[in-house]
Amino acid sequence: MKIGYPCINLSVNSGAKTFRLATYSEAKLKEVVENNIFYLNEILQFNIANGLLFLRISSGMIPFASHPVCKVDWADFYKDELKKIGNIIKKNKIRISMHPDQFVLINTPKDQVLENSISELIYHNKLLDSFGLDCTHKIQIHVGGVYDDKQLSIQRFIERYKKLPLKVKKRLVVENDDRLYSLADCLFINKKTQIPVLLDVFHHKCYNQGENMALALKKAAATWSKSDGVPILDYSSQKPHARKGNHIESINARDFADFIKNIGRKDFDIMLEIKDKEKSALKAREILKKLKKL
DNA sequence: CCATGTCAAGGTCAC
DNA sequence: GTGACCTTGACATGG
């Protein structure tokens, strides 16, 4: 069982940079990418030192990678640096995931949105390929919008998924959300496409079809094949006194321990979507040690 | 130097 | 109708 956190680390100087489209230049892109690769290594070193073997890499690694303005063959230009990072990841058995932005919607009715989404997915896959990582390193997306007709929108997801490049399909997993598409919806899509279902534990609590957590875990895990690796979970909890769906600032030790008791002997890698990032990830590791899960 | 409006991209819903 | 929210605030202009 690996514990991870998303994109940035608040203990080390994360240092990742981006810039505005208006100031785009090839030189600027190269400067920022070089910077981002350097700081990714800093985060990896922190993780290795602290036993955090799961990491979500920011989609902003290569700014504008999928935008027409970007003519730089960054994968080739930085191939040695990217391979070096990949070797560190592989040597230390770290698992990587990515989560494209909210603009990636393969079930959209709009051609332009679909085109942008596919370009963005190809970029994510290319980055993971550039590290030399296999397809257990996943890209997670949501089903998308409802567009006033949920059944039709699910059907569109299925058809669009089938037409994606093979390598993208092998990396993609679909995640239940907190309002529109539940675990049951994702499982239906899995039946038609075999896409693995990533269970977001918090979203499942927000929106479900009555499956208790133990059953939800079992059903989601069953959609992952050997080549997909250990099933991944996203874990968070409700921020007290905030709007439903807001993520908590720091992990609640008792809730997490209670949750872990549902998983039985099954293995999962857990991504903590919690505001204080690596701090909660370290706490989670301590809790797992006490429960003898590590 | 610092405050703050704005940033490639979508869609939903609480208010 | 607006704005917060979603994996993450950071950039850059104007004062």
Side-chain angles (χ1 to χ4, degrees), chain A residues 4-25 28-29 31-32 35-36 39-40 43 54-70 96-124 127 138-150 153 156-157 160 173-182 198 200-203 206-207 232-236 238-239 241-249 270-281:
Chain A
Y5 59 94
C7 303
I8 59 175
N9 180 309
L10 303 169
S11 304
V12 301
N13 176 8
S14 288
K17 284 201 181 339
T18 184
F19 59 99
R20 298 294 168 81
L21 182 57
T23 62
Y24 183 92
S25 73
K28 183 83 180 166
L29 180 79
E31 176 197 323
V32 169
N35 172 82
N36 291 353
Y39 282 106
L40 174 57
I43 292 176
F54 190 19
L55 178 68
R56 181 181 297 165
I57 292 180
S58 167
S59 299
M61 252 322 270
I62 319 285
F64 306 106
S66 73
H67 191 281
V69 77
C70 179
I96 299 297
S97 69
M98 295 191 78
H99 194 336
D101 279 306
Q102 61 269 37
F103 318 105
V104 173
L105 296 158
I106 66 169
N107 78 342
T108 178
K110 297 178 190 166
D111 291 344
Q112 187 62 57
V113 176
L114 176 63
E115 196 182 306
N116 294 348
S117 297
I118 294 173
S119 298
E120 188 70 357
L121 290 175
I122 289 171
Y123 150 61
H124 281 75
L127 183 60
K138 293 299 187 188
I139 301 168
Q140 60 188 90
I141 58 170
H142 292 288
V143 180
V146 169
Y147 312 101
D148 300 321
D149 188 336
K150 189 164 168 177
S153 297
R156 240 185 351 259
F157 182 98
R160 299 273 175 70
V173 298
V174 67
E175 174 189 352
N176 59 307
D177 65 68
D178 59 349
R179 294 198 307 269
L180 308 177
Y181 294 99
S182 65
L198 187 159
D200 186 309
V201 171
F202 180 38
H203 290 164
C206 294
Y207 180 47
I232 297 173
L233 300 174
D234 280 358
Y235 180 89
S236 185
Q238 174 67 38
K239 180 176 179 176
H241 317 298
R243 201 179 82 169
K244 187 180 169 187
N246 284 20
H247 290 212
I248 200 166
E249 295 292 329
I270 304 180
M271 176 58 58
L272 299 177
E273 293 184 332
I274 296 180
K275 300 280 185 197
D276 70 355
K277 307 289 176 180
E278 78 287 350
K279 286 195 181 62
S280 284

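Letters A, B, ... mirror the listed sequences (proteins, then strands); counts begin at 1.
Side chain of Leu180(A), nearest nucleotide from dA9(B), dT12(B), dG11(B): dT12(B). Set against dC13(B), dA8(B), dG9(C), the side chain of Arg179(A) has dC13(B) as its closest nucleotide. Picking from dT8(C), dA9(B), dG11(B) the nucleotide with the shortest atom distance to the side chain of Ile8(A) gives dT8(C).
Scanning both residues, Ser117(A) and Leu105(A), for their nearest heavy atoms gives OG-N, 2.9 Å. Nearest heavy atom pair, residue Glu278(A) against residue Ile8(A), reads OE1-O, 4.3 Å. Taking each heavy atom of Gly145(A) and Ser153(A) in turn, the nearest pair found is O-CB, 3.7 Å. Shortest non-hydrogen contact noted between Cys70(A) and Leu29(A) is SG-CD2, 4.0 Å.
Using atom P as the reference point in both dA12(C) and dA9(B), the two lie 16 Å apart (nearest Å). dT13(C) and dA8(B) have their P atoms separated by 12 Å, given to the nearest Å. Distance noted for atom P between dG3(C) and dC7(B): 15 Å (whole Å). Going from the C1' atom of dC5(C) to that of dA3(B) covers 25 Å, rounded to whole Å. Taking the P atoms as reference points, dT8(C) lies 28 Å from dC2(B), given to the whole Å.
In terms of modelled atom types and a separation under 3.5 Å, the side chain of Tyr123(A) and the main chain of Ile62(A) share a donor-acceptor contact. No donor-acceptor pair closer than 3.5 Å links the side chain of Asp200(A) to the backbone N or O of Asn176(A).
Within 4.0 Å (heavy atoms only), Tyr147(A) reaches sugar-phosphate atoms of the nucleic acid but no base atom. At a threshold of 4.0 angstrom between heavy atoms, the contacts of Gln140(A) with the nucleic acid are absent. Note on Val104(A): nothing from the nucleic acid sits closer than 4.0 angstrom, heavy atoms only. Heavy atoms of Ser66(A) sit under 4.0 angstrom from at least one base atom.
Whole-Å rounding puts the Asn176(A) CG to dC6(C) C1' distance at 14 Å. For the pair Asp178(A) CG and dC5(C) C1', the interatomic distance rounds to 9 Å; values are reported in whole Å. For Tyr24(A) and dC7(B), the OH to P distance is 19 Å, given to the nearest whole Å. We find that CZ of Phe19(A) is positioned 11 Å from P of dC11(C), with the value rounded to whole Å. As a whole-Å value, the separation of Leu105(A) CG from dA8(B) P is 19 Å. Separating the NE2 atom of His99(A) from the C1' atom of dT8(C) is a distance of 11 Å, rounded to the nearest angstrom. dG10(B) atom P lies 9 Å from atom CD of Gln112(A), rounded to whole Å. If you take CG of Asp177(A) and P of dG11(B), they are 14 Å apart, rounded to a whole angstrom.
Between dA12(C) and Thr23(A), a contact under 4.0 Å exists linking OP1 or OP2 to a side-chain N or O. Phosphate contact (OP1/OP2 of dA9(B), side-chain N/O of Ser117(A), threshold under 4.0 Å): absent.
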>> Pair His124(A), Ser59(A) - check side chain to side chain contact (heavy atoms under 4.5 Å, CB included), show working.
In response: CA-CA 7 Å; His124(A) 281 75; Ser59(A) 299; 2.8 Å; yes
I would like to know whether Arg56(A) and Glu273(A) meet salt bridge (Lys or Arg N to Asp or Glu O under 4.0 Å); could you show each step before the answer?
-> CA-CA 10 Å; Arg56(A) 181 181 297 165; Glu273(A) 293 184 332; 3.0 Å; yes
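In this pair, Phe103(A) does not lay its aromatic ring on the base of dG10(B); centres under 5.5 Å and planes under 30 degrees do not both hold.
For Arg20(A) against dT6(B), a side-chain N or O and a base N or O form a donor-acceptor pair under 3.5 Å. Side chain Gln102(A) to base dG11(B): no donor-acceptor pair is found below 3.5 Å.
To the nearest 0.5 Å, the span separating CD1 on Ile106(A) from CD on Glu120(A) amounts to 13.5 Å. Note that NE2 of His142(A) and CZ of Phe157(A) are 11.0 Å apart. Values are rounded to the nearest 0.5 Å.
With DNA chain C read from its 5' end, the first of the two nearest nucleotides for Lys17(A) and Pro6(A) is the one closest to Pro6(A). Nearest-nucleotide positions on DNA chain C for Thr18(A) and Cys7(A) put Cys7(A) closer to the 5' end.
DNA chain C lies under 4.0 Å from at least one heavy atom of each of the following residues of residues 270-277 of chain A: Glu273(A), Lys275(A), Lys277(A).
With Tyr5(A) as the aromatic partner, Lys279(A) does not meet the cation-pi criteria of under 6.0 angstrom to the ring centre and within 45 degrees of the ring axis.
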Here DNA chain B, pairs taken as Watson-Crick or G-U under 3.5 Å and shown with ( ), [ ] when crossing and | when to another strand, reads |||||||..||||||
